[in-house]
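Right, one structure below, let's go through it.
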Amino acid sequence: MPAPVDVPSAAPSLPRRTVTYPATTLIGPVEAQAARTPDAPALVLAGRETVDYRELNASANRLARALTARGAGPGTVVGLAGFRKPAELLTALLAVVKSGAAYLPLDPADLPGRRERLLAENDPVCVLGEGAPGALTGPETDGELPTDPPRALTPQHLLCVGYGPGGRPAAVRLTHAEADRRVRELQAEHPLGPGDRVLQLGLPLWEFLWPLRTGAAVVLADPRREGELGALVRELGVTAVRVAPAALPGG
C-alpha cells in the first residue's frame with residue numbers, strides 16, 4: 001500500500017482555536033488507550049478481519065524496539081515507503097512514532113530521483129517498506145519485548161517531515177505538540193469514541209492516530225481491491241469517514 005504523502009501545511013481546515021491544550025506527544029494517548037481497552041478492535045480490514053488494541057500495540061512495540069536498535073529515536077528520521085498490506089503501514093507508522101523518531105513518507109509513484117533527494121536531505125536511519133533504496137520489508141522482531149518502549153520524547157520533537165508533490169518543495173516539519181493540538185481540535189468538533197469505525201482516505205498519516213486515542217477503530221481498504229465507497233462503508237460497518245477531496249471519485 002503506497003504511503004500517503006503528508007503535507008501538514010495543507011491539512012483540512014480546522015475549527016477556530018477557542019481552547020488552549022496542554023502540549024503532549026501524539027503517541028502517549030494512543031498507548032494509554034491500548035492499556036484501557038486491549039480487547040477492543042483497533043483496526044478493521046477488508047473481509048471484516050479485525051486486529052485488537054493489544055495485538056496492534058504489541059506488534060508496533062516489537063518493531064519500535066527493533067528500530068531503536070538500528071538507531072531510531074528522538075531527533076532521527078525513519079522513512080516509510082510502500083506497503084503491500086494496509087495493516088503493515090499502520091504498524092510501521094506506530095512503531096516509528098513509538099521509537100521517538102520522525103517519519104518521512106516516500107511515495108512509490110515519485111518521479112525518478114525525487115526519493116533519492118528526499119533521502120539525502122533527511123538521512124533516515126532506515127526505511128521501512130518497499131520501493132525505496134535500501135528499504136527493509138520487515139526487520140527481525142523475534143525476541144523483542146511487546147511492551148511500550150522507553151523514549152526521551154517531548155512535544156517539541158518532530159513527528160513527521162512532509163513534502164508536497166513534484167518539484168523541489170521545502171520540507172514542512174510537524175511537531176508532536178502541533179499534531180496533538182490539531183487532533184484534539186478535530187475531536188472537539190467531530191467526537192469519536194468506542195464503537196466508531198473510521199475510514200481514512202488520502203489523509204496525512206498522523207491523522208490515523210486520532211481514532212486510536214479515542215477507542216475507535218481505523219478502517220483500511222485494500223488498495224488492490226476495486227469497489228464503490230458506499231459498499232465498503234456498508235460491508236465494514238463504517239460510522240465516520242475522513243477523506244481528502246482528491247480521494248473521492250472525480251476529485
Side-chain angles (χ1 to χ4, degrees), residues 1-12 14 21 23-31 60 63-64 67-68 70-83 86 88-110 114-115 117-129 131-132 135-136 149 151-166 168-186 200-213 218 220 242 244 247:
M1 177 181 183
V5 177
D6 286 54
V7 188
S9 62
L14 298 171
Y21 297 104
T24 187
T25 67
L26 200 60
I27 192 61
V30 175
E31 293 175 337
L63 181 53
L67 292 175
T68 299
R70 290 177 173 270
T76 68
V77 173
V78 172
L80 290 180
F83 292 83
E88 293 175 347
L89 172 60
L90 186 56
T91 301
L93 169 65
L94 281 169
V96 173
V97 181
K98 280 172 172 286
S99 76
Y103 69 87
L104 169 68
L106 299 167
D107 190 341
D110 271 338
R114 187 170 189 267
R115 284 194 307 272
R117 178 176 64 81
L118 299 188
L119 291 171
E121 287 183 4
N122 293 281
D123 191 23
V125 296
C126 63
V127 177
L128 297 178
L136 304 171
R151 54 186 175 260
L153 185 65
T154 72
Q156 286 67 49
H157 277 112
L158 285 180
L159 170 71
C160 70
V161 183
Y163 290 79
R168 294 184 58 85
V172 179
R173 303 177 187 276
L174 186 69
T175 65
H176 276 262
E178 176 64 11
D180 176 75
R181 178 189 64 76
R182 296 190 191 189
V183 165
R184 288 203 244 184
E185 289 179 344
L186 286 168
Q200 304 275 47
L201 295 173
L203 291 167
L205 286 176
W206 58 266
E207 279 205 27
F208 283 58
L209 302 184
W210 171 25
L212 295 178
R213 63 191 283 152
V218 176
L220 295 180
R242 279 286 291 170

If we count only N and O atoms by modelled type, under 3.5 Å, do the side chains of D110 and Y163 hold a donor and an acceptor together? no
Are side-chain heavy atoms of [X] and [Y] found at a separation under 4.5 Å?
X    : Y    : value
R173 : L158 : yes
D180 : T25  : no
V218 : L212 : yes
Q200 : P211 : yes

Going from [atom1] on [X] to [atom2] on [Y], what distance comes out if it is rounded to the nearest 0.5 angstrom?
X    : Y    : atom1 : atom2 : value
N122 : L104 : CG    : CG    : 5.0 Å
F208 : L89  : CZ    : CG    : 6.5 Å
L128 : L67  : CG    : CG    : 5.0 Å
L186 : W210 : CG    : CH2   : 4.5 Å

Are V161 and L174 close enough, and set up right, to give a side-chain contact (heavy atoms from CB on, under 4.5 Å), and what steps lead you there? CA-CA 7 Å; V161 183; L174 186 69; over 6 Å; no
Could you walk me through whether L106 and L80 pass the side-chain contact (heavy atoms from CB on, under 4.5 Å) test, one step at a time? CA-CA 6 Å; L106 299 167; L80 290 180; over 6 Å; no
Under 3.5 Å donor-acceptor, T68 side chain and A64 backbone: yes
Okay, side chain of T91, backbone of E88: is any donor-acceptor separation there less than 3.5 Å? no
What are the two closest heavy atoms between [X] and [Y], and how far apart are they?
X    : Y    : result
G79  : P124 : N-CB, 3.8 Å
D107 : R115 : O-NH1, 3.6 Å
R151 : S99  : CB-O, 4.2 Å
L63  : A92  : CD2-CA, 4.0 Å
V30  : L209 : CG2-O, 3.9 Å
L153 : V97  : CD2-O, 4.2 Å

Show, in sequence, the C-alpha distance, side-chain angles and deciding distance for L159 and H176, and conclude whether the side-chain contact (heavy atoms from CB on, under 4.5 Å) test is met. CA-CA 5 Å; L159 170 71; H176 276 262; 3.7 Å; yes
If you measure from the Lys or Arg side-chain nitrogens to the Asp or Glu carboxylate oxygens, is any gap between R181 and E178 under 4.0 Å? yes
Before accepting this row, confirm whether a basic side-chain N of the pair R213/E207 lies closer than 4.0 Å to the acidic partner's carboxylate O. no
What's the verdict on side-chain contact (heavy atoms from CB on, under 4.5 Å) for L26 and R182, showing C-alpha distance, side-chain angles and the deciding distance? CA-CA 10 Å; L26 200 60; R182 296 190 191 189; over 6 Å; no
